[in-house]
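When a ligand or atom number is given, it counts from 1 through the structure's own listing order.
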Amino acid sequence: MQVVAVFLCLLVTLSHVKAESETDLKDKVTVVTGAARGIGRAIADNLLKEGVSVVIIVDKNLTQGLVTKNELKSTYGAEKVWFIHGNVITDLDRVFKKIYKRYDYVHILVNNAGILDEDDPVGTYMTNTVAPVLWSQKFYDVMRKDKGGRGGIILNMASVVSYLKDPFFWFYTSSKYGILGLSVGLGHEWNYLTSEVKVLALCPLFTYTDMTKQQMVVDEQVEIFAKFKEALSWQTPDAVGEAAITICKTGETGTAYSIQGGVLSVSPYGQDITLEFLLNLQQGDNHTVNAFDSK
Ligand SMILES: NC(=O)c1ccc[n+]([C@@H]2O[C@H](COP(=O)([O-])OP(=O)(O)OC[C@H]3O[C@@H](n4cnc5c(N)ncnc54)[C@H](O)[C@@H]3O)[C@@H](O)[C@H]2O)c1
Ligand SMILES: *[C@@H]1O[C@H](CO)[C@@H](O)[C@H](O)[C@H]1NC(C)=O
Ligand SMILES: *[C@@H]1O[C@H](CO)[C@@H](O)[C@H](O)[C@H]1NC(C)=O
């Protein structure tokens with residue numbers, strides 16, 4: 001019964017949010033971390049196709065960053081691309097200051113930089129979880145309308161492993177669980193009501209990039225993982241780049257989206273504490289409060 005009540009709340013909330021208007025990305029100042037190659041580069045490319053004002057690429061790979069900057073500049077124009085060489089773990093303050101010296105506002109932040117290296121759990125957490133948390137905090141504080149900002153979008157690159165149970169690369173997986181929690185929590189409609197900062201997670205399945213070219217699993221799993229990789233549908237970085245644009249424009253805040261074999265959908269996980277539920281609670285409707293009692 002109570003589960004049904006929550007489910008109905010969820011339906012009501014979903015249909016209510018669907019009415020939101022499309023966000024225009026034209027003329028926006030955007031920052032994409034880890035955009036020297038792979039998925040980040042594809043997101044930068046697709047943002048530029050949408051007519052954003054500028055894409056600021058932040059990447060620790062100097063050589064590849066310069067190559068990508070020059071390629072994108074020659075396609076879209078020199079003033080459209082800026083490369084800042086930096087490490088998301090150590091250089092947030094420096095990069096943030098540098099950006100706000102040249103631009104008065106950042107509308108879109110894409111936390112995309114990530115690594116998969118099971119020999120380096122700390123580096124994995126620092127890059128995939130701690131850095132996106134701190135970058136989100138810093139940019140959100142400036143974006144939020146209730147503190148004088150103009151609203152904005154924060155898109156976090158999660159993964160299907162953010163909500164899957166599977167036996168592979170568990171340090172990477174746990175780091176991606178973290179970024180999912182950040183996105184659905186900070187981006188919850190309750191917070192959006194006052195901040196007008198849309199926070200989203202994108203959860204891709206296997207994508208053809210350098211990350212997936214390496215041996216991703218421990219030696220004893222190489223054989224089963226090869227079969228696992230073959231059994232699933234892959235996609236190009238560009239398909240993920242396009243999906244990022246789609247959800248920036250029409251996605252619902254606090255929502256995780258999956259993309260598998262190029263097909264975009266709402267991620268199938270979890271139970272929602274809906275806006276409806278919280279509004280009822282605020283109005284003193286005591287009835288639904290027990291929805292989380294299991295019996
Ligand atoms: N490839 C996939 O199948 C897949 C699937 C799901 C999620 N993802 C996620 O997508 C994102 C991009 O992955 P990719 O496949 O394009 O990987 P990639 O290795 O091709 O590119 C990652 C980029 O991030 C940069 N980077 C890494 N650590 C950094 C740091 N500390 N500071 C600054 N830049 C840093 C790298 O230099 C590189 O240019 C990652 O967060 C990854 O976890 C990838
Ligand atoms: C930078 O990227 C290139 C191209 O993917 C890669 O060959 C090189 O090893 C990277 N360098 C560093 C320092 O990560
Ligand atoms: C909630 O309901 C219980 C009984 O169902 C009642 O005793 C309690 O006072 C109510 N609390 C509020 C805040 O309305």
Side-chain angles (χ1 to χ4, degrees), residues 31-46 56-72 83-96 109-118 120 122-136 155-164 166 168-169 171-180 182-183 200-217 225 228-229 232-241 243-244 256-262 264 267:
V31 175
V32 187
T33 67
R37 70 182 194 193
I39 290 171
R41 186 198 189 286
I43 292 172
D45 188 37
N46 279 277
I56 302 162
I57 295 171
V58 182
D59 204 292
K60 68 176 182 185
N61 189 325
L62 177 61
T63 319
Q64 190 54 38
L66 292 172
V67 168
T68 294
K69 176 188 79 170
N70 289 329
E71 286 171 357
L72 293 175
F83 169 51
I84 301 178
H85 180 224
N87 188 317
V88 291
I89 301 170
T90 49
D91 298 333
L92 170 57
D93 287 344
R94 176 178 68 83
V95 170
F96 185 86
L109 168 68
V110 182
N111 284 311
N112 164 81
I115 59 167
L116 195 166
D117 180 357
E118 292 294 286
D120 183 12
V122 171
T124 299
Y125 256 79
M126 293 305 287
T127 313
N128 298 1
T129 318
V130 176
V133 163
L134 296 179
W135 282 63
S136 294
L155 172 58
N156 293 315
M157 196 53 60
S159 164
V160 290
V161 304
S162 295
Y163 56 86
L164 273 187
D166 72 75
F168 308 117
F169 35 73
F171 299 135
Y172 176 81
T173 295
S174 63
S175 76
K176 291 294 181 181
Y177 265 69
I179 197 177
L180 186 70
L182 167 72
S183 312
L200 306 157
L202 185 54
C203 305
L205 186 60
F206 289 128
T207 309
Y208 300 110
T209 67
D210 288 281
M211 181 179 280
T212 48
K213 270 186 208 148
Q214 60 176 328
Q215 179 180 324
M216 297 162 76
V217 295
F225 188 64
F228 181 72
K229 283 201 296 186
L232 295 167
S233 31
W234 285 61
Q235 61 209 351
T236 61
D238 197 55
V240 182
Y257 293 88
S258 298
I259 176 157
Q260 316 191 7
L264 184 63
S267 299

field: Audit row: Val161, Phe168, side-chain contact (heavy atoms from CB on, under 4.5 Å) steps and yes/no
entry: CA-CA 9 Å; Val161 304; Phe168 308 117; over 6 Å; no
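On a distance-only criterion, Asn112 and ligand 1 share at least one N/O pair closer than 3.5 Å. Where the criterion is an N or O separation shorter than 3.5 Å, residue side chain and backbone included, Asp59 meets it with respect to ligand 1. Ligand 1 has an N or O atom lying under 3.5 Å from an N or O atom of Ile39, backbone or side chain. Looking at Thr212 next to ligand 1, no N or O pair under 3.5 Å apart turns up. Between Val88 and ligand 1, at least one pair of N/O atoms sits closer than 3.5 Å.
Nearest protein heavy-atom contact of atom 17 (O) of ligand 1 is Met211 CB, 3.6 Å. The closest protein non-hydrogen atom to atom 34 (N) of ligand 1 is Lys60 N, 3.3 Å. Of the protein's non-hydrogen atoms, the one nearest atom 26 (N) of ligand 1 is Ala113 CB, 3.9 Å. Considering only non-hydrogen protein atoms, atom 23 (C) of ligand 1 sits nearest to Gly34 O, 3.4 Å. Nearest protein neighbour of atom 3 (O) of ligand 1, counting heavy atoms only, is Thr207 N, 2.8 Å. Summary of contacts: the protein heavy atom closest to atom 19 (O) of ligand 1 is Arg37 NH2, 2.9 Å. At the top of the distance list for atom 7 (O) of ligand 2, counting protein heavy atoms only, stands Arg37 NH1, 4.9 Å. For atom 1 (N) of ligand 1, the closest non-hydrogen atom on the protein side is Thr209 OG1, 3.1 Å. In terms of protein heavy-atom proximity, atom 7 (C) of ligand 1 is closest to Ala158 O, 3.2 Å. Scanning the protein heavy atoms around atom 4 (C) of ligand 2, the nearest turns out to be Gln64 OE1, 3.5 Å.
Atom 14 (O) of ligand 2 is flagged as protein-proximal [any protein heavy atom, distance under 4.0 Å]. Counting protein heavy atoms under 4.0 angstrom from atom 2 (O) of ligand 2 gives one or more.
The atoms of ligand 1 that sit less than 4.0 Å from any heavy atom of Ile115 are 27 (C), 28 (N). Short contacts between ligand 1 and Asn61, defined as distances under 4.0 Å to a heavy atom of the residue, involve ligand atoms 37 (O). The distance from ligand 1 to the heavy atoms of Thr127 drops below 4.0 Å at these ligand atoms: 28 (N), 31 (N). Close contacts between ligand 1 and Ser159 involve ligand atoms 6 (C), 7 (C) [criterion: under 4.0 Å to a heavy atom]. Those atoms of ligand 1 with a heavy atom of Phe206 less than 4.0 angstrom away are 3 (O). Ligand 1 places these atoms under 4.0 Å from at least one heavy atom of Gly86: 32 (N), 33 (C). For ligand 2 and Asn61, the ligand atoms under 4.0 Å from any heavy atom of the residue are 1 (C), 2 (O), 3 (C), 8 (C), 10 (C), 11 (N), 12 (C), 14 (O).
Nearest heavy-atom pair across Gly261 and Gln235 is N-OE1, 3.2 Å. Tyr172 and Ile115 get closest at one heavy-atom pair: CD1-O, 3.2 Å. Nearest heavy atom pair, residue Ala158 against residue Ala201, reads CB-CB, 4.3 Å. In terms of heavy-atom proximity, Ser175 sits nearest to Thr129 at O-OG1, 2.9 Å. Closest heavy-atom contact between Val240 and Pro204: CG1-CG, 4.1 Å. Between Leu264 and Ala243, the shortest heavy-atom distance links the atoms CD1-CB, 4.0 Å.
Side chains of Ile89 and Val130 form no contact here, defined as non-hydrogen atoms less than 4.5 Å apart. The shortest distance between side-chain heavy atoms of Phe206 and Val160 does not fall below 4.5 Å. At least one side-chain heavy atom of Leu72 sits under 4.5 Å from a side-chain heavy atom of Ile57. Counting heavy atoms from C-beta outward, Ile43 and Met157 have side chains that approach closer than 4.5 Å. Between Asp59 and Gln64, every side-chain heavy-atom pair lies at or beyond the 4.5 Å cut-off. The shortest distance between side-chain heavy atoms of Leu116 and Thr212 does not fall below 4.5 Å. Under the 4.5 Å side-chain criterion, counting only non-hydrogen atoms from C-beta, Val217 is not in contact with Phe228. Side-chain atoms of Thr68 and Phe83, non-hydrogen and from C-beta on, never get closer than 4.5 Å to each other.
With 3.5 Å as the limit, one finds a donor-acceptor pair spanning the side chains of Ser174 and Tyr125.
Using 4.0 Å as the threshold, Asn87 has a heavy atom nearer than that to some atom of ligand 1. For Met157, the closest heavy-atom approach to ligand 1 falls below 4.0 Å. Not a single heavy atom of Ala42 sits under 4.0 Å from any atom of ligand 1. Using a 4.0 Å cutoff on heavy atoms, Cys203 does not count as a contact of ligand 1. At least one heavy atom of Leu205 sits closer than 4.0 Å to an atom of ligand 1.
Classification of the Phe225-Phe169 ring pair by plane angle, with boundaries at 30° and 60°, yields perpendicular.
At a 4.0 Å heavy-atom cut-off, ligand 1 touches Lys176 through the side chain alone. Here Ala131 has no heavy atoms under 4.0 Å from ligand 1, in either its backbone or its side chain. When heavy-atom distances to ligand 1 are checked against a 4.0 Å cut-off, Tyr172 comes that close only through its side chain, counted from C-beta outward.
Considering Gly114, Ser175, Ala36 only, the shortest heavy-atom separation from atom 22 (C) of ligand 1 involves Gly114.
To the nearest 0.5 Å, atoms CG (Asn87) and NE2 (His85) are separated by 8.0 Å.
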